[in-house]
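Any value given below was found using the heavy atoms of this structure, including those in side chains, with hydrogens, waters and symmetry copies removed. Please read all numbers here as calculations on a predicted model, not as lab measurements. First the proteins, then the strands, lettered A, B, ... as listed; each starts at 1.
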Amino acid sequence: QRFRFCGDLDCPDWVLAEISTLAKISSVKLKLICAQVLRDLLGEAIEYEKILKLTSDAKLESGDVKATIAVLSFILSSAAKHNVDSESLSSELQQLGLPKEHASGLCRSYEEKQSSLQDRLKACSLRLSRLGSVGWRVDYTLSSSELQEVNEPLVHLNFNVWDGEQGKTVAIPMALSADKFRVLLAELKQAQALMNTLL
Amino acid sequence: MLLMLSEEQKAHLGCLTLAGDAAVGELGRLAVELLRRGAASRACEAAARKLNIGVDTIQHGVEGLSYLLTESSKLMISEIDFQDSIHVLGFSDELNKLLLQLYLENRKEIRSILSELAPKLPSYHSLEWRLDVQLASRSLRQQIKPAVTIKLHLNQNEDQTAQVLQTDPSTLLHLIQQLEQALGEMKTNHCRRVARNMK
């Protein structure tokens, strides 16, 4: 059977198996555990001791607690990944056997944080490089060893690029004559106009 | 298959008779620890003091014993072959039985340690991908050119490397088809026969 929150594929067996573990926790506590898991997915620190306290009533073993966190992480991030709305998620989870109150509590937490979760996932997407900053300087060359009177402007550009492959910021300096700089600027303005038509 | 021991190794193991049957248990434990964690000179010194034998003799004895255990475990020799191999050392029956027991008890663990020593190729860790569409370039506007960028994370002996690849969708489909064919090979009669015979 295909599920939207799994990307129109079958639900993984381990997720199916852990649904019964989720049902052992009360629906109120499940919503609080969801809030903690969402903090972890959004890049904030997760408070593991709070989760341990919340699961202590259900008398879960440590392996089950980790499984609970794993299955909630999967459901929430996968639903955000495939842009599933809260009601569809709730009905699909109920089809998998999660009781109605648990499903609606989980989906309410999901709905609150859905757009922030999607923004965070977008920011984590693969990027090979990123422009950090641009520095520039305009000089005027008076004279050189080849020609006594040069009298030309010169532009120095420095691009600070974060290189994804090496994982660090690299500085790319270059010097351009006035004509070359005008060509570069004109081409970049054309590219910018194209980007604006897409926004 | 019999184990061949050099004269030097026989001399090293000769210290076992000096130590006496009771100490052989202690030396056996030291030998297994040597295999698990590497040299433990302080433990050898403590044993030497307790048994009133020179440290060097104990060290050689432990090393000889660990060689005996690794070679036997590596070749997975049977009980009878093991007994025949150590018979040449001229130990008492009690000692032979103790050594046989030591071998059989630790064989599985030693084999799992030895299996980790084989050279490994880089193995798959994770995969990140993105799908882009090139709409225009400096030389040509109004294009539609989809491309898939893949970052393959590999693990090799606790070293993480990443490989960036780019492909167009038709090559990607071909790649998927080839990989599925490779998986499909497992279901052919030939592979099934080999797998059955290996068990």
Side-chain angles (χ1 to χ4, degrees), chain A residues 6-10 12-14 40-41 43 70 73-74 77-78 80-83 117-131 157 159 161-170 174 176 179-199, chain B residues 112 120-187 195:
Chain A
C6 299
D8 291 327
L9 295 170
D10 293 330
D13 289 335
W14 68 273
D40 177 53
L41 289 172
S73 280
F74 175 81
S77 58
S78 193
K81 186 199 285 198
H82 297 108
N83 204 20
L117 200 52
Q118 284 174 323
D119 286 340
R120 165 97 186 152
L121 291 172
K122 195 191 284 194
C124 292
S125 294
L126 176 62
R127 274 292 283 268
L128 292 176
S129 63
R130 228 179 266 266
L131 181 62
L157 285 176
F159 295 103
V161 180
W162 179 81
D163 186 340
E165 285 183 72
Q166 293 179 46
K168 59 183 171 132
T169 312
V170 181
M174 60 187 81
L176 300 95
D179 285 335
K180 263 280 200 263
F181 182 67
R182 266 184 225 113
V183 173
L184 176 66
L185 192 59
E187 296 289 335
L188 286 176
K189 280 186 173 162
Q190 287 184 21
Q192 184 187 38
L194 264 167
M195 278 177 77
N196 284 334
T197 63
L198 295 166
L199 280 171
Chain B
S112 71
K120 275 192 240 181
L121 290 170
S123 64
Y124 173 78
H125 182 250
S126 63
L127 185 80
E128 285 179 88
W129 58 267
R130 62 184 287 147
L131 173 64
D132 293 314
V133 176
Q134 182 174 304
L135 297 172
S137 70
R138 185 180 179 186
S139 11
L140 187 63
R141 305 297 152 85
Q142 315 273 24
Q143 293 177 33
I144 296 188
K145 204 160 122 182
V148 179
T149 312
I150 300 173
K151 193 166 180 186
L152 189 60
H153 291 266
L154 301 168
N155 249 342
Q156 184 172 27
N157 301 330
E158 287 126 24
D159 244 341
Q160 290 240 9
T161 52
Q163 189 88 306
V164 178
L165 308 159
Q166 199 172 53
T167 169
D168 55 274
S170 45
T171 314
L172 183 64
L173 282 172
H174 179 72
L175 187 71
I176 295 172
Q177 197 185 45
Q178 290 298 313
L179 289 173
E180 285 183 342
Q181 271 185 21
L183 263 180
E185 274 300 304
M186 282 293 293
K187 303 206 179 100

### Query
Is there a donor-acceptor contact under 3.5 Å linking the side chains of B:Gln143 and B:Ser137?
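Yes, because at least one side-chain N or O of B:Gln143 sits under 3.5 Å from a partner of the opposite role on B:Ser137.
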### Query
Would you say the side-chain atoms of B:His153 and B:Gln160 include a donor-acceptor pair closer than 3.5 Å?
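No, B:Gln160 and B:His153 have no side-chain donor paired with an acceptor closer than 3.5 Å.
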### Heavy-atom contacts under 4.5 Å, residues 179-191 of chain A to chain B
A:Val183, A:Glu187, A:Gln190
#### Entry: Contact winner vs chain A - B:Thr149, B:Ile150, B:Val164, heavy-atom pairs under 4.5 Å
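Top option by heavy-atom pairs under 4.5 Å: B:Val164.
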### Message
Is there a side-chain contact between A:Phe159 and A:Leu131 in this structure, where contact means two heavy atoms from C-beta onward sitting under 4.5 Å apart?
### Response
yes
#### Entry: Any A:Leu176 side-chain heavy atom under 4.5 Å of A:Met174 side chain
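The answer is yes, as the side chains (C-beta and beyond) meet within the 4.5 Å cut-off.
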### Task
Any pair with a residue in residues 190-199 of chain A that passes salt bridge (charged side-chain N to carboxylate O under 4.0 Å, His left out), sequence neighbours left out, goes on the list, sorted by first then second residue, please.
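Qualifying pairs, neighbours excluded: none.
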### Query
So which heavy atom on A:His82 is nearest to which on A:Cys6, and how close?
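That would be CE1-C, 3.9 Å.
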